[in-house]
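Written out below as structure tokens is the structure these notes cover.
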Amino acid sequence: MGGVGRWRAAVVALAATVIAACGAADGVRDPHVWLEELDSPRVRTWVSDQNARTLGVLEQHPNFPGNLEVARELGDSPDRIPMPRLEHGQVGNFWRDADHPRGIWRETTRADYESPQPKWTTVLDLDAIARADGRNWVWKGIDCDPVRHTRCLVRLSEGGEDAVTVREFDRATGKFVDNGFTLPRGKQYAAWLDLDTLLVSREWRPGEVTASGYPYIVKQLRRGQPLDAAVEVLRGDPADELATQPVLLEDGAGGRMSLILRGTTFFEHQVSRFDGSGPELLAVPPKHDLEGLLGDRLLIGLRQDWTVAGATHTAGSLLSLSVAELTADPSRVRPVPVYVPGPQETLGSVLVTRDRIVVTSLDDVRGRATVYTPRPDGTWSAAPVPVPENATVDAVDADATGDTAYLAVTSFLTPTTLLSLDAATGAANPVKTAPARFDSSRFVVEQRKVTSPDGTGVPYFVVRPAEMAFDGTNPTVLSAYGGFGAASTPGYDGVLGRLWLERGGVYVLANIRGGGEYGPQWHEAARGVHRQRAYDDFAAVAQDLIARGITTPRHLGIQGGSNGGLLVGVQLVQRPHLWNAVDIAVPLLDMLRYEQIAAGASWVDEYGTVADPEQRAFLASISPYAQLRPEAVYPEPLVWTTTTDDRVGPQHARKFAARLAEQGHPYLFYEATQGGHGGGSNNDERAHTTALEYTYFQRQLM
């Protein structure tokens with residue numbers, strides 16, 4: 001960054017300090033800014049009082065005990081599909097049930113896994129570890145060494161927060177390694193360089209994090225070294241939105257690439273190759289996703305158009321790059337297209353087997369899967385995989401040393417089926433199917449489209465009783481996400497079936513702009529100051545439901561979490577007349593201060609910044625917290641969050657509830673003590689939150 005850039009950054013930082021001091025982004029004192037204290041006696045008292053009030057309403061409702069029983073039953077059910085993770089001939093699975101509320105990591109062979117009753121061997125019992133440590137550990141994943149694949153880095157979270165403690169575990173002995181690698185709690189990332197060396201990104205000294213709380217310094221840590229002896233490898237910048245972090249890519253033949261990603265914004269990052277001596281910046285576009293490594297081919301998915309070597313590759317494409325060429329000259333690349341999307345298509349996920357890759361995608365929000373095989377001339381052949389129509393196809397995992405890949409196929413009315421795909425032959429066989437949780441024969445699914453105010457066609461799915469009367473009396477829940485390029489797709493939900501559909505409810509999922517259902521352009525259309533398009537899309541779907549006689553505002557509720565919580569919060573204040581229930585989960589709501597709360601500064605690339613006058617004006621116009629009005633008439637919302645949410649932060653929900661109270665509006669507020677950016681840290685906690693939500697909807701709409 002040049003001198004002018006540094007000066008501007010300093011001015012912005014000073015302004016942010018002044019803003020924080022006065023408690024509001026526009027200089028007007030915010031009377032509820034004290035609720036931004038994460039944990040203090042007065043905040044705990046306020047939360048306790050609010051919880052008691054809300055639980056006194058919802059837990060005392062006659063439907064709550066039955067709702068809780070169903071949510072617990074399905075959450076703890078032993079006949080769920082144990083989704084596989086493949087690791088050099090073994091199948092691993094992390095499993096929670098009534099006997100293991102925190103969960104166990106267990107393993108078996110691939111052949112045994114595909115049998116009706118696999119014989120699992122428990123490798124790590126998280127409940128036992130939590131008891132021994134006296135901690136509320138939540139599983140956050142495992143990464144095994146690239147040499148013997150027996151030493152693993154286990155990531156453990158306290159109560160579900162994003163910050164983790166990292167500990168080295170030996171799969172062979174089933175114990176944590178004495179004097180092994182241990183990284184104390186923090187938002188951090190670690191990747192194996194070899195059996196005795198890690199690349200680590202963390203807050204090495206107090207304050208060495210970005211404004212959003214992510215680390216930006218990567219160091220090399222050798223076995224037996226204290227943290228303060230680690231050697232710096234690459235440094236990002238405190239002004240970056242996301243972390244600078246190490247990534248290890250492996251293929252089944254022993255090939256490896258150690259990479260370091262510097263997240264300059266949420267969607268843009270620089271990639272450097274690290275060979276042990278020094279990092280080399282690779283000439284790849286800023287907006288892309290690393291998708292894997294197959295022999296000499298590095299796979300990347302484009303989030304932007306990219307013109308290189310005389311050819312333009314469109315956003316949404318999957319490309320392969322020669323590792324040999326990158327190694328010889330990191331500044332020059334010659335990409336080869338693998339997958340190029342059509343006008344209604346979008347890239348999903350990529351699985352890498354020994355000799356091929358398996359790509360999932362969407363075609364008009366319908367799942368597809370294709371096997372791609374490299375040809376000798378460097379191009380790729382494509383072979384579609386037969387999958388059911390009108391279903392979601394999710395990539396699960398693949399054997400990098402063989403030909404097997406696993407795909408999960410699901411829809412609103414069909415329980416999930418796990419397919420074992422032979423990538424060499426293209427044969428896909430079902431190996432496990434989840435049991436039906438409700439009688440789906442009574443219902444139908446329709447995909448419809450409505451025209452948004454600017455003329456854009458917006459699709460949505462309706463799940464309804466086949467014999468439903470179109471008289472406007474049907475209790476209906478409308479949900480969407482509409483942000484960060486994430487696609488919302490059909491999926492089977494037994495709790496939704498039992499507690500909503502079987503009781504006469506209708507469920508609607510809207511594919512509004514801001515998501516990724518139609519590729520990067522669908523996301524870009526509602527990013528930053530264009531975000532109102534997503535909110536108009538959502539309202540257009542609601543109005544179409546009313547016009548078709550499916551429901552009326554009296555019986556229409558909406559639901560969203562995180563960015564979806566912002567979506568439904570906006571709908572509450574912009575169009576209160578359209579809804580009678582608004583379920584606002586772990587939300588962003590104060591868009592004038594979101595950059596000051598938890599990891600909010602990392603989303604400037606998605607939402608914009610108050611430091612820019614035009615963007616600030618737009619953020620003020622959509623901020624639910626800023627737009628609440630005492631003279632307005634709002635339906636009673638349910639606003640809920642968790643104390644340990646260190647991503648969005650509970651501050652948004654607290655302040656929104658406090659302002660509703662200040663202005664005399666009805667509301668329900670609940671804050672779970674554990675759960676991170678979710679509904680709970682274990683099955684019981686998640687079941688409780690789910691029961692509260694469905695009790696609220698039944699109370700408001702039925």
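- For the pair Ser440 (side chain) and Leu413 (backbone), a donor-acceptor distance under 3.5 Å is present.
- Looking only at atom types and distance, the side chain of Ser320 has a donor-acceptor partner in the side chain of Trp380 under 3.5 Å away.
- The closest side-chain donor-acceptor pair between Asp645 and Thr641, if any, does not fall under 3.5 angstrom.
- Residues Ser201 and Thr244 bring no donor and acceptor atom of their side chains to less than 3.5 Å of each other.
- Between the side chain of Gln698 and the backbone N or O of Asn63, no donor-acceptor pair lies under 3.5 Å.
- Here Glu389 pairs with Arg368 in a salt bridge; the nearest charged N to carboxylate O distance falls below 4.0 Å.
- Listed for the Thr392 side chain is a donor-acceptor partner under 3.5 Å among the backbone atoms of Pro490.
- Trp95 carries Arg80 over the face of its six-membered ring, with the cationic atom under 6.0 Å from the centre and within 45° of the normal.
- Side chain of Glu158 to main chain of Trp137: no donor-acceptor pair is present (N/O by atom type, distance under 3.5 Å, no hydrogens or angles).
- For Thr404 and Asp399, the side-chain atoms include no donor-acceptor pair closer than 3.5 Å.
- Side chains of Arg96 and Asn683: no donor on one and acceptor on the other come within 3.5 Å.
- A donor-acceptor contact closer than 3.5 angstrom is absent between the side chains of Tyr696 and Gln559.
- The closest side-chain donor-acceptor pair between Asn93 and Trp105, if any, does not fall under 3.5 angstrom.
- Residues meeting the side-chain contact (heavy atoms from CB on, under 4.5 Å) test with Leu193, sequence neighbours left out: Thr197, Leu199, Gln220, Ser258, Phe274.
- No hydrogens or angles considered: a donor-acceptor pair under 3.5 Å links the side chains of Ser562 and His677.
- Looking at Arg85 and Asp397, no side-chain N of the basic residue comes within less than 4.0 Å of a carboxylate O on the acidic one, giving no salt bridge.
- Within the 3.5 Å criterion, the main-chain N or O of His288 finds a donor-acceptor partner in the side chain of His269.
- Judged as a ring pair (Phe, Tyr, Trp, His ring centres under 6.0 Å), and not counting sequence neighbours, the contacts of Phe64 are His688.
- Between the side chain of Thr642 and the backbone N or O of Gly676 there is at least one donor-acceptor pair closer than 3.5 Å.
- Between Arg155 and Asp143, at least one side-chain nitrogen of the basic residue sits less than 4.0 Å from a carboxylate oxygen of the acidic one, meeting the salt-bridge criterion.
- Under 3.5 Å, the side chains of Thr644 and Gln674 contain no donor-acceptor pair of N or O atoms.
- With 3.5 Å as the limit, one finds no donor-acceptor pair spanning the side chains of Arg135 and Thr165.
- In terms of modelled atom types and a separation under 3.5 Å, the side chain of Ser77 and the main chain of Glu73 share no donor-acceptor contact.
- Geometrically, Arg167 engages Phe176 in a cation-pi contact defined by less than 6.0 Å to the ring centre and at most 45° from the axis.
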